[in-house]
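Just so you know, these numbers come straight off a predicted model, no measurement behind them. Both ligands and their constituent atoms are indexed starting at 1 by order of listing. The first residue of the sequence shown is numbered 1, and numbering continues consecutively from there.
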Amino acid sequence: MILFVNACVREQSRTKQIAEYLLSILDDDIMEVKLKDTKFPMSDETFLNQREEAAASGDFHADMFAFARDFASADTVVIAAPYWDLSFPAVLKQYLEQVTVNGITFRYSEEGIPQGLCRARKLYYITTAGGPSVPVEYGYGYVRELAQSYYGIPETVLIKAEGLDIVGADVDEILEETKKKIKNQS
Ligand SMILES: Cc1cc2nc3c(=O)[nH]c(=O)nc-3n(C[C@H](O)[C@H](O)[C@H](O)COP(=O)(O)O)c2cc1C
């Protein structure tokens, strides 16, 4: 099962367009989490306490752990997130807070080092940016670190299309070039 984490906001999202192309090439069932339509619980003290109690008892059947359970059992993860303010939309951070659960997607070793519990071996991160050559360390870089250090997903792949909002940019051409790269790499 491919878990498609859709953090795209706009109806005509270019990021979503590229993600859908990738998903059409990857040959598996798709479970989509549409973040813009999702109401996330606040990570408040009650939530943190419930999470700790569950971790202590090992009972993760509550609905609040559904995001983490689905993430942990996916064979492949595809995240689509537009480039916003050097990073990604805040709703993706809310989602990752729900997914990063000690006892489901990772656990701590006796030395306090996170050990991954996720089944996926590969995570794709798709983004598009308005400007050219944008830095990716606070968006893709952050997700890559989480995937590798916490979730235990060893391979992460960045797919990006940049310069889409520059006056005169040939948006269709940029998107086609990005799709060609995806096709050649797969
Ligand atoms: C709230 C917001 C913040 C943005 N911040 C940046 C930015 O920091 N750098 C940049 O190059 N483009 C920025 N953009 C432009 C988007 O990255 C660009 O339009 C992207 O292709 C949008 O993706 P979408 O078509 O999937 O919605 C921003 C757009 C929005 C709406």
| How would you list, by chain and number, every residue that makes a salt bridge (charged side-chain N to carboxylate O under 4.0 Å, His left out) with Arg121, sequence neighbours excluded? | none
| query | Are Tyr95 and Lys93 close enough, and set up right, to give a side chain to side chain donor-acceptor pair (under 3.5 Å), and what steps lead you there? | reply | CA-CA 5 Å; Tyr95 172 76; Lys93 180 66 169 75; over 6 Å; no
| said: I'd like to know whether CG of Asp27 has more than 12 heavy-atom contacts from other residues, nucleotides or ligands below 6.0 angstrom. | reply: no
| task | At a heavy-atom distance under 4.0 Å, which protein residues reach ligand 1? Sort them by chain and number, would you? | result | Arg10, Ser13, Arg14, Thr15, Pro82, Tyr83, Trp84, Asp85, Leu86, Thr128, Ala129, Gly130, Gly131, Val134, Leu164, Asp165
| field | Crowding at CZ, Arg107 (>12 non-hydrogen neighbours, <6.0 Å) | value | no
| message | Walk me through whether Phe65 and Arg51 qualify under side chain to side chain contact (heavy atoms under 4.5 Å, CB included). | response | CA-CA 9 Å; Phe65 298 119; Arg51 203 152 77 162; 3.9 Å; yes
| task | Return the orientation label for the Tyr150 and Tyr108 ring planes: parallel under 30°, perpendicular over 60°, tilted otherwise. | result | perpendicular
